[in-house]
Amino acid sequence: MKSLVRWIIGIVVASAITFCLFVLMHTLINSKFKLEEKKEKLSFEINTKIEDVKIVTRETKIVSVRQVVTPPAPPTIAHQAATQPSVAIVSLEGALPVFKVPELDRSSFEIKVSDRDAQPLVRIPPQMPQKAEKSGHCNMRFDVSPEGAPFNINAVMCTSSVFKRASVRNVGRWKYNPKIIDGRAVSMHGVETTIRFKLMDERNRIIPE
């Protein structure tokens with residue numbers, strides 16, 4: 001019974017709301033709308049006329065001209081004239097004198113070269129190994145051939161094993177003036193030297209060994 005009463009009340013309320021909306025829509029449709037007044041058209045000139053600019057010239061009148069007196073020329077200094085030579089030019093006639101060329105005795109002529117040890121001629125700087133993490137050095141011992149080329153190259157002591165191969169390869173590229181004994185080039189044994197590798201950090205400072 002209660003549900004039936006609620007259903008009837010709902011139908012009455014919905015009908016009332018629908019009727020009100022119908023009346024409102026009818027009123028709006030029948031109302032007159034006022035048209036807005038047309039605005040005045042605005043016009044703009046794009047190509048305007050350019051007025052000629054009058055150039056004002058300044059007229060200068062010269063009242064008087066001052067006369068400038070030219071200064072006199074500087075005095076000239078008299079130079080002493082050179083005297084002509086009075087002695088006649090002497091000409092020599094005849095053939096040139098003949099000189100006797102001295103003869104050299106080749107049997108007694110000998111060029112002696114003093115004895116000397118092998119001397120470095122070309123020493124290429126070593127190449128830093130990629131695996132090196134700090135600076136280091138290697139003490140090397142090798143022989144020099146009569147042609148000035150190192151051979152029997154050994155790395156006696158290295159601060160790190162990464163420098164050994166690079167040091168041997170580097171010494172093999174060197175060039176020496178060979179050892180001279182009695183004017184002849186001979187081999188020299190037991191040449192010792194030290195190869196140093198300097199590794200720099202990002203601040204261009206040497207990383208110590």
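- Within the structure, the side-chain hydrogen bond (donor to acceptor under 3.5 Å, both in side chains) test picks out no pair touching residues 13-23 (sequence neighbours left out).
- Between Ile17 and Phe19, every side-chain heavy-atom pair lies at or beyond the 4.5 Å cut-off.
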Task: From CA spacing to verdict: side chain to side chain contact (heavy atoms under 4.5 Å, CB included), Ile195, His137 - done: CA-CA 5 Å; Ile195 299 179; His137 68 275; over 6 Å; no
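- Lys164 contributes atom NZ, which lies 7.0 Å from atom SG of Cys158 (distance to the nearest 0.5 angstrom).
- Across Pro208 and Lys134, no two heavy atoms sit closer than the pair O-CB, 3.4 Å.
- Listed for the Arg141 side chain is no donor-acceptor partner under 3.5 Å among the backbone atoms of Asn152.
- Although no hydrogens or angles enter the test, the distance criterion places no donor-acceptor pair under 3.5 Å between the side chain of Asn177 and the main chain of Leu121.
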- [ ] Decide side chain to side chain contact (heavy atoms under 4.5 Å, CB included) for Met200 and Ile207; before the verdict, give the C-alpha distance in whole Å, the side-chain angles of both, and the deciding distance to 0.1 Å.
- [x] CA-CA 6 Å; Met200 313 296 286; Ile207 301 176; over 6 Å; no
TODO: Output, in order, the C-alpha distance, side-chain angles, deciding distance and verdict of side chain to side chain contact (heavy atoms under 4.5 Å, CB included) for Lys179 and Gln119.
DONE: CA-CA 8 Å; Lys179 182 178 180 179; Gln119 298 176 353; over 6 Å; no
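- Val162 and Pro129 make their closest contact through O-CG, 3.3 Å (heavy atoms, listed as atom of the first residue, atom of the second, distance).
- The CG atom of Asp117 sits 4.0 Å away from atom CE of Met188, with the distance rounded to the nearest 0.5 Å.
- You'll find the side chain of Tyr176 reaches within 4.5 Å of the side chain of Pro150, heavy atoms only.
- Distance CE/Met140 to OG1/Thr194: 9.5 Å, rounded to 0.5 Å.
- Screening residues 200-209 for salt bridge (charged side-chain N to carboxylate O under 4.0 Å, His left out) gives Asp201-Arg205 as the qualifying pairs, with residues at least two apart or on separate chains.
- Legend: side-chain hydrogen bond (donor to acceptor under 3.5 Å, both in side chains) pairs involving residues 154-163, not counting sequence neighbours: none detected.
- A pairwise comparison of heavy atoms in Ala185 and Pro178 identifies CB-CG, 3.8 Å as the closest pair.
- Distance CZ/Arg123 to OG1/Thr193: 4.0 Å, rounded to 0.5 Å.
- No donor-acceptor pair closer than 3.5 Å links the side chain of Lys198 to the backbone N or O of Gly136.
- The aromatic rings of Phe163 and Phe197 sit parallel to each other, their planes meeting at less than 30°, with 60° as the upper class boundary.
- The distance from the CZ atom of Arg196 to the SG atom of Cys138 is 10.5 Å, given to the nearest 0.5 Å.
- Note that the CD1 atom of Ile181 and the CG atom of Asp115 stand 6.0 Å from one another [nearest 0.5 Å].
- When hydrophobic clusters are built by joining Ile, Leu, Val, Met, Phe, Trp and Tyr residues whose side-chain heavy atoms come closer than 4.5 Å, directly or via intermediates, Val168 is grouped together with Val144.
- Val122 and Val191 are assigned to two separate hydrophobic clusters, defined by single-linkage of ILVMFWY side chains at heavy-atom distances under 4.5 Å.
- Judged purely by atom type and a 3.5 angstrom limit, Asp143 uses its side chain to pair as donor or acceptor with the backbone of Gly190.
- Listed for the Ser145 side chain is no donor-acceptor partner under 3.5 Å among the backbone atoms of Ser187.
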